[in-house]
Amino acid sequence: MQATEPQITVEVAKNLGLTEEEFEKIKTIMGRMPNFTELSIYSVMWSEHCSYKNSIHWLKTLPRDGQRLLVGAGEENAGLVDIGDGMACAFKIESHNHPSAIEPYQGAATGVGGIHRDIFTMGARPIAALNSLRFGNLENNHTKHLVRGVVSGIGNYGNCFGVPTVGGEVYFNDCYNQNILVNAMSVGIVKAGETVSASADGPGNPVFIVGSATGKDGIHGATFASADLTEDSAEDLPSVQVGDPFQEKLLLEASLEALKTGAVVGMQDMGAAGITCSTSEMSAKSKTGMRIDLDKVPTRQSNMQAFEILLSESQERMLIVCQKGMEEQLLAVFDKWDLACEQIGEVTDTGRLHFYHHGELIADVDADSLVLGGGAPVYQREYTEPAYFEKIAAYKLSDVEQPANYIEAAKKLFASPNIVSKRWVYEQYDSMVRTNSMNTIEPSDAALVRLKGTNKALAVTTDCNSAYVYADPFKGTMIAVSEAARNIVCAGGEPVAITNCLNFGNPYNPEAYYQFVMAIKGMGEACRKFETPVTGGNVSFYNQSVFKDRTEPVYPTPTIGMLGLLDSIETSMTLHFKEAGHQVYMIGTPQNDLGSSEYLRVYHDIHYSPVPHFDIDEEYTIQGIIKQLIRKSLVASVHDISEGGLFVALMESAMPKHLGFEITTDNNFRKDAYLFGESQSRILISVSQDKEEEMVNYLNSNNVSFTKLGEVRAQNVLIDGEDYGAIESWKSTYDNLLGEKMDA
């Protein structure tokens, strides 16, 4: 053993993030005391980030079967679905929260790089990226620093790598002041039958490490991601990796070319826990083992210790199992792309991982004991209803005063950072590279990506209003799934499957775990209703900041990344009004409901209120009707009503073509609830006068609730006869406010 290794005690294990019980279990598995390197291996592989030990029980309750599903949750690096014409789509979303909170640029950049590698290690070419970002109060300089760093990191990495960022969402809330959320999603395309597995089949087959050299960046990054952020977390800065998008671009092209040689048996990205994770997961998957010589790993720094090489999370690296006898073909490809490709070991039939350093066996562990579904621990934590639910139960709509001046109320709502355009963000992203994006000029509720060589398109979106989940984790998560499906449908697509990024507080906190369990239950019910199986994703616990005098958990944020399909781009639909004279309708039922609305928070400073009205059967019916209206070409625009309610949906539909509108509210409802409430299952449409009668007849024949609101007009906004001013004034606020706040 290396002389520098400490004597192993339970305190050493605890310092590595293991519990005393886990330490005892490791000793039982090994039949002896582990050395420091072996203990370090278990500490990262049994961390929450790698093992999902506090979540896997509930994750297994999610629906995983679907007609189009080719690879389900946990089977490979990403989910895979059949999209027809001999093509498949790989997609996944993951978090990089803690690293981004400490070093926003590199944290976000390496999050983007890592999720793209998950896609192309399956043999798919990434064609689109999305993200879901949560920040604190935009009045804080620290928040602005984090926003600038994260957006630059995402933009620079994605732009250099050559994959367009086509969609996403950005929210601001005080609960994210310290612990921001950075969720990155990648979508890729592959021909059916040309995928590769993350397996290590064939004892005797050589094992290669390819790509960048290994350095000391990212060591124990998985452990770092499995703990609360504290005032001292900046000291963990070495746990943040450093990315190189140009190197990743070379790695992408070389990897896809290598697959065509037939030399690749299996391929795995080196993400969390680096060599440790890739060797153990590939071996466990194939019920094989590996013998690895760490001296052969190319390193950036001299005298790296064995555990540093094993646990490094240096970016742009892959592990490849090569077909024995085809080494030269593999080497030739990576040499062509000027990338390192070094044999570091071979596959064995032992079921164990044997790591050597300077000719000495420094770690001997059972591969299966390290991984999810093998020997890694599985826990079911206690959970209790959060105490703040009492504040929500005390809310009464009758206590909320209606505005004396509705124009002033509308302007205050419209100036919320959660409502205004995120143009300042997305203009830093390249959305046009590869020329597949269909939304660069005309917007849709979901991003549309054309599949070249076909008449098909993908519809993709990320969705979650965490305020709804905070108010009711079960219903709030159902709404997140339903809104994702609604956005796909409003863009003309058919929902196919989801990936998720589950951002929650400490699982040892019974109230935080209650939020997690109820969210999973709600997600499962909604996914079964919409027949959108869960293909995988990421669990990110410990999203709370611990200070000397308090703990601040974030709102529970189960981000939904949904994939939809348009079998014909002719069914694509945009959200904006097309011309004056078109008639404006609301499909769905209005409610006297202001629950969890942006209006309540911004205008009334009310932060505890029920989840908005939601009925999943009603939602399912409405989405089915919208599909038919689009396919029958009866509507000119379709836009879902969500944050900011009907008023904001109307403005978002009017602004793209600088049009106005005139509508009348219903005096059977509170006017603020009618305009600003966020009750679900409502969709705003416009229709030309020559198709209006046919559309109304169709809605009546299907017993669908709908309301004629008014009509599209030039320039001005009129509500109940009151002039709210020219659309250009509203558009100026909408387009520029976020940038002005960031520059202030």
Within-4.5 Å side-chain heavy-atom neighbours: [X] and [Y]:
X	Y	answer
Cys490	His639	no
Gln428	Ser152	yes
Arg423	Leu738	no
Leu699	Ile587	yes
Leu251	Phe334	yes
Tyr429	Val151	yes
Arg317	Ser212	yes
Asn487	Asp463	yes

Does atom [atom1] of [X] have more than 12 heavy-atom neighbours from other groups under 6.0 Å away?
X	atom1	result
Lys324	NZ	no
Glu328	CD	no
Tyr426	OH	yes
Asp338	CG	no

Does either side chain, that of [X] or that of [Y], offer a donor lying less than 3.5 Å from an acceptor on the other one?
X	Y	result
Ser637	Ser653	no
Glu248	His116	no
Tyr105	Asn156	yes
Asn465	Glu643	yes
Thr574	Lys578	yes
Asp82	Gln67	no
Ser686	Gln583	no
Gln268	Asn77	yes
Asn455	Ser568	yes
Asn183	Thr559	yes

What's the shortest heavy-atom distance between [X] and [Y], and which atoms?
X	Y	result
Val190	Leu80	CG1-CD1, 4.0 Å
Ala213	Ser314	O-CB, 3.9 Å
Arg486	Ile641	NH1-O, 3.8 Å
Gly537	Tyr52	O-OH, 3.5 Å
Pro298	Glu342	CG-CG, 3.5 Å
Val534	Cys527	CG2-SG, 4.0 Å

Closer than 3.5 angstrom, by distance alone: can the side chain of [X] be matched with the main-chain N or O of [Y] as a donor-acceptor pair?
X	Y	result
Glu76	Val196	no
Lys422	Val420	yes
Ser278	Leu319	no
Thr461	Ala446	no
Glu316	Gln247	no
Asp335	Leu331	no
Ser95	Ser540	no
Lys691	Ser633	yes
Thr165	Ala129	no
Asn205	Gln323	no

Straight-line distance of [X] [atom1] to [Y] [atom2], nearest 0.5 Å:
X	Y	atom1	atom2	answer
Ser466	Tyr171	OG	OH	7.5 Å
Arg682	Ser642	CZ	OG	9.5 Å
Leu650	Leu659	CG	CG	12.5 Å
Leu566	Ile83	CG	CD1	11.5 Å
Ser421	Asp735	OG	CG	5.5 Å
Ile93	Ser132	CD1	OG	6.0 Å

Under 6.0 Å between ring centres: does that hold for Phe577 and His582?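 Ring centroids of Phe577 and His582 are no less than 6.0 Å from each other.
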SB check [X] [Y] (cutoff 4.0 Å):
X	Y	value
Glu494	Arg631	yes
Lys529	Glu619	no
Glu253	Lys249	yes

Check against salt bridge (Lys or Arg N to Asp or Glu O under 4.0 Å), Glu169 and Arg134: CA-CA 8 Å; Glu169 56 182 0; Arg134 316 282 160 146; 2.7 Å; yes
Please determine whether salt bridge (Lys or Arg N to Asp or Glu O under 4.0 Å) holds for the pair Glu694 and Lys632, giving the CA-CA distance in whole Å, both sets of side-chain angles, and the decisive distance to 0.1 Å. CA-CA 10 Å; Glu694 184 181 355; Lys632 292 176 179 292; over 6 Å; no
Mind running salt bridge (Lys or Arg N to Asp or Glu O under 4.0 Å) on Arg125 and Glu194 for me, showing each step along the way? CA-CA 11 Å; Arg125 177 178 290 278; Glu194 293 189 4; over 6 Å; no
Would you please test Ile520 and Leu502 for side chain to side chain contact (heavy atoms under 4.5 Å, CB included) and show each step? CA-CA 9 Å; Ile520 293 295; Leu502 308 177; 3.6 Å; yes
Dump the intermediate steps for side chain to side chain contact (heavy atoms under 4.5 Å, CB included) on Ser482 and Phe530, then the final yes or no. CA-CA 8 Å; Ser482 300; Phe530 292 104; 3.3 Å; yes
Under the side-chain contact (heavy atoms from CB on, under 4.5 Å) test, residues paired with Val496 that sit two or more places apart: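 For Val496, the residues satisfying side-chain contact (heavy atoms from CB on, under 4.5 Å) (neighbours in sequence not counted) are Arg68, Val81, Leu565.
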Which is it for Val489 and Ile683 under the side chain to side chain contact (heavy atoms under 4.5 Å, CB included) test, yes or no, and what are the steps along the way? CA-CA 11 Å; Val489 167; Ile683 295 174; 5.9 Å; no
Criterion side chain to side chain contact (heavy atoms under 4.5 Å, CB included) on Arg117 and Met318, from CA distance to verdict: CA-CA 9 Å; Arg117 283 197 304 281; Met318 319 272 275; 4.1 Å; yes
